[in-house]
Amino acid sequence: MPSVYQDITLYEDQGALLGLGPNQIVSFSEFQSPTTGHLRVEDDNTDFNWDVGETAEFQGQPATLIAAGTAVAGVSLNIPFVIDLSIELSSPVLTGIVVVDGVQHVRFYDAAGNDVDPAALLDSLVSDLTAAIGPVLLPLVLSSLGVDLLTYVETNAILTFDLSSANSVDLIPCFTAGTLIATERGEVMIETLKLGDRVLTVDHGLQAIRWIGSRSLTPSDLARAPHLTPIRIAAGAFAPDLPHQDLTVSPQHRCLVRSKIAARIAGEAEVLIAAKHLLGTPGVSVLPADMPVTYVHILFDRHELVWSNGAVTESLYLGEQAMQSVDTAARDEILALFPALADHRPPAARPFLRGRLARKLIERSTSNRKPLIEPLPPAAKVLRNA
C-alpha cells in the first residue's frame, strides 16, 4: 500500500480534552507549545489523507488518529452594566485528535490538509470582538478589563469541538438492530440478546455473550459523519442464499470471504474484509442516510465468527482501534472482564484483508463472476450436528 509523508504540527493537550465524547469544550490556554515533525501514514484507501484507523508514525513514534471533526473558536465578554456578548467564528477549522506514544495531541488543518495556526483564530476573534464592541464602548471595555483585547482573548477563548468520529462506531464492527443471529434458540434479533445468551460460532460451538454495546445515530448524526452510514449487503450478494435476507452492518464490520481467489491473493482461503471494502460487489451498497440506525456489538471470550442473516461475520474484535473507540466507561468494563487486554491484544479469528488487497480480491471476484463465499454449512445444520 502507498505511504503518505507530510510535515505536520501537533499541540499537546494538557486540559480536559478528551473524554472522548463527540462534543468537547477546551480553553486555548490548556495547549502546550506546538511540535512540528514528520508524519508517515500507511494510506489504506489511497485517498492521500490520514484517516481514522490508518497506521502512522510521527517523528518515528507510533501515532494513532483516534477522532476527527471540526473546532470553532469563541469567546465571551461580560462586564456588568457595560457589555455582555459572545463571539464565535463562523468558519470551523478541521481538527484531528492524535495519540503519539501514549500522549494526546490536537492537530488543526484546512481542507487541503495544510496546518492551521490556532493563533490565527485568536486574531480573527480579536477583530470580531473589536467590531462587536464598537468604537464608543471600546475605551470603557479596555479600561474595565485592564488588558488589551488580544491578551483577554488568549486567556479566555475556548474551542468547541464537534468530533463526529469520537466514541463512534466507525472503528468497531457492529450489526444493526434487526439482524438475526444464530443461537441455541434459533435465529434471534440481536437487540433482544442478553449477557450469557449462547450464540453459535463457527469455530467453538455455542459461546456465551460476555458484553453488549450499542449506539443509536439520527439522520442528523449521519449527515455530519457520512462515513458512519451503514452498508447493506443484499440477500444472495455473497453466494446463493448468502445472506438469506438483506444484512446491514457498520462500514468497519468484517465479513468472511472464502474462495480460491482469496487463497491466491492473500495466501489464505478464508479472510475477513470490512464491509466498506466490499463496495463494488453487486448487491453491496451504502444505505441512504435518511433513517436512524442503532448499531449493536457483541463480545465473547475470544474473537468469533457468527452467523448473521445466514452469512458468516465477526463478533467484536478488541484490537487497538476498537479499544480507543469505545468510551471510558465501556473500556473500563471490558478491561474488568478481560484484564489481560491491558497488556496485549487477542488473536483474530481469521486474517484481516485490508486496503489494496481487499479491493483486488473484490475486483477479481466480480470480473470473474465468482462468489465471494464458497459456503460453509448453514448454522441450522451445524446446530443439529453439535
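Given the structure is predicted, the values throughout are model-derived calculations rather than measurements. All residue numbers in this chain count up from 1 along the given sequence. Computed over heavy atoms, backbone and side chain alike; hydrogens, waters and symmetry mates excluded.
Across all non-hydrogen atoms, the minimal contact from Ala289 to Thr229 is CB-OG1, 3.9 Å. The nearest pair of heavy atoms linking Ala269 to Ala262 is O-CB, 3.7 Å. Nearest heavy atom pair, residue Glu270 against residue Leu256, reads CB-CD1, 3.9 Å. His277 and Ile362 make their closest contact through O-CG1, 3.4 Å (heavy atoms, listed as atom of the first residue, atom of the second, distance). Closest approach of Pro243 to Phe238, counting heavy atoms only: CD-CD1, 4.3 Å. For Gly96 against Tyr109, the heavy-atom pair with the smallest separation is N-CE2, 3.8 Å.
Between the CZ atom of Phe300 and the CD1 atom of Ile209 there is a distance of 5.0 Å, given to the nearest 0.5 Å. The CD1 atom of Ile265 sits 4.5 Å away from atom CZ of Arg364, with the distance rounded to the nearest 0.5 Å. Considering CD1 of Ile190 and CD1 of Ile181, their distance stands at 4.5 Å, rounded to 0.5 Å. We find the CG-OH distance between Asp115 and Tyr11 to be 7.5 Å, quoted to the nearest 0.5 Å. Note: Thr179 OG1 to His253 NE2 = 8.5 Å, rounded to the nearest 0.5 Å. Rounding to the nearest 0.5 Å places CG of Asp123 at 12.0 Å from CG of Leu149.
Using a 4.5 Å cut-off on side-chain heavy atoms (C-beta onward), Arg350 and Val202 make contact. Val126 is not listed as a side-chain neighbour of Asp148, based on a closest heavy-atom distance of 4.5 Å or more. Looking at Arg302 and Asp203, their side chains never come closer than 4.5 Å, going by heavy atoms from C-beta outward. Val257 is not listed as a side-chain neighbour of Leu353, based on a closest heavy-atom distance of 4.5 Å or more. Residues Thr183 and Leu200 form no side-chain contact, since every pair of their non-hydrogen atoms from C-beta on lies 4.5 Å or further apart. Between Val75 and Leu77 there is no side-chain heavy-atom pair separated by less than 4.5 Å. For the pair Ile231 and Val286, the minimum side-chain heavy-atom distance is below 4.5 Å. A heavy-atom distance below 4.5 Å is not found between the side chains of Asp117 and Phe108.
The closest donor-acceptor contact from the side chain of Glu268 to the backbone of Ala263 lies at 3.5 Å or more, if one exists at all. Looking at Asn309, its side chain does come within 3.5 Å of a backbone N or O of Leu180 through a donor-acceptor pair. In this structure, Glu304 contributes its side chain and Ala349 its backbone to no donor-acceptor pair below 3.5 Å.
Cluster membership check: Met291 does not share its hydrophobic cluster with Leu217, using side-chain heavy-atom separations under 4.5 Å among Ile, Leu, Val, Met, Phe, Trp and Tyr. Both Val199 and Val188 sit in one connected hydrophobic cluster of ILVMFWY residues. Membership requires side-chain heavy atoms under 4.5 Å apart, directly or through other members. Note: the hydrophobic cluster containing Val116 also contains Ile97 (ILVMFWY, side chain heavy atoms under 4.5 Å, direct or indirect links). In this structure, Leu142 is a member of the same hydrophobic cluster as Val153, with clusters built from ILVMFWY side-chain heavy atoms closer than 4.5 Å. Cluster annotation: Ile133 is connected to Val147 through the hydrophobic network of ILVMFWY side chains, with a link wherever side-chain heavy atoms come within less than 4.5 Å.
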* To do: Please report the C-alpha distance between Leu125 and Leu129 in whole Å, then the side-chain angles of each, then the deciding distance to 0.1 Å, and finally whether the side chain to side chain contact (heavy atoms under 4.5 Å, CB included) criterion is met.
  => CA-CA 6 Å; Leu125 279 179; Leu129 191 58; 5.9 Å; no
* Asked: Can Asp301 and His204 be said to form a side chain to side chain contact (heavy atoms under 4.5 Å, CB included), step by step?
  -> CA-CA 11 Å; Asp301 283 328; His204 302 104; over 6 Å; no
* Asked: Given the rule in the side chain to side chain contact (heavy atoms under 4.5 Å, CB included) test, do Leu247 and Thr313 qualify, once you have shown the distances and angles that lead to the verdict?
  -> CA-CA 10 Å; Leu247 174 65; Thr313 63; 4.1 Å; yes
* Asked: Step by step, would you call Thr192 with Asp197 a side chain to side chain contact (heavy atoms under 4.5 Å, CB included)?
  -> CA-CA 10 Å; Thr192 68; Asp197 283 351; over 6 Å; no
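Considering Leu316, Val306, Thr294 in turn, Val306 is the only one that fulfils the side-chain contact (heavy atoms from CB on, under 4.5 Å) rule with Phe175. Here the rule is side-chain contact (heavy atoms from CB on, under 4.5 Å) with Cys174, and of Pro251, Pro230, Ser250, Ser214 only Ser250 fits it.
In this structure, His303 and Phe352 have perpendicular ring planes: the angle between them is above 60°, well past the 30° mark.
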